[in-house]
Amino acid sequence: DLWSMRFNLAEMDFVRKDFKKAQEGFAAIQSKEKDLKLSESRLIEYKIILCLLMQGKVDEFRKRLDQFDLIDDTPIRYYGMAAFHFHEGETEKAQYWVKDAHKIYQASTLVL
């Protein structure tokens, strides 16, 4: 019943590149757990965003990523844009987004 165990199971699907199943697992946690810390909730949302990208659902990816702006309390926007550019083979643009996140956010925020 621990959300963290269900997260790890979904993460295993993610690592195995079964992004649809991983997304379903992360979404189930997101809909079921109401007492997550903000950082935990954001991590789950970020994983769903990545699953959408990896499934080629770019419109859905952008819609969910657009919920976060450049002054959000987490670096989701920066890391999401980096993931997009890495996915598109645009390494320099991706690294730009990662570097900016590291300039703006504290290490404790970036760790998770």
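- Minimum interatomic distance between Trp3 and Ile29 (heavy atoms only, all atoms of both residues): O-CD1, 3.9 Å.
- For the pair Glu40 (side chain) and Lys37 (backbone), a donor-acceptor distance under 3.5 Å is present.
- Atoms CG and CE, on Leu52 and Met54 in that order, are 11.5 Å from each other to the nearest 0.5 Å.
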Only pairs under 3.5 Å count here: list side-chain donor-acceptor contacts from residues 10-18, not counting sequence neighbours, and write none if there are none.
residue: Glu11; atom: OE1; partner: Lys47; partner atom: NZ; Å: 2.9
residue: Glu11; atom: OE2; partner: Lys47; partner atom: NZ; Å: 3.2
residue: Asp18; atom: OD1; partner: Lys21; partner atom: N; Å: 3.3

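- Within a 6.0 Å radius of CG in Asp66, other residues, nucleotides and ligands contribute more than 12 heavy atoms.
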Show which side-chain atoms of residues 85-94 pair as donor or acceptor with protein atoms under 3.5 Å away, not counting sequence neighbours.
residue: His85; atom: ND1; partner: Glu90; partner atom: OE1; Å: 2.5

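- For the pair Arg6 and Phe26, the cation does not sit on the ring face, since its NZ or CZ is not both under 6.0 Å from the ring centre and inside 45° of the axis.
- A donor-acceptor contact shorter than 3.5 Å links the side chain of Tyr105 to the backbone of Thr74.
- Here the closest heavy-atom approach between residue Leu65 and residue Ile76 is recorded as CD1-O, 3.6 Å.
- When hydrophobic side chains of Ile, Leu, Val, Met, Phe, Trp and Tyr are connected at separations under 4.5 Å, Leu2 ends up clustered with Met5.
- One finds a salt bridge joining Lys20 and Glu24 here, because a Lys/Arg side-chain nitrogen approaches an Asp/Glu carboxylate oxygen to under 4.0 Å.
- Looking only at distances, no side-chain donor or acceptor of Tyr79 sits under 3.5 Å from a matching main-chain atom of Val98.
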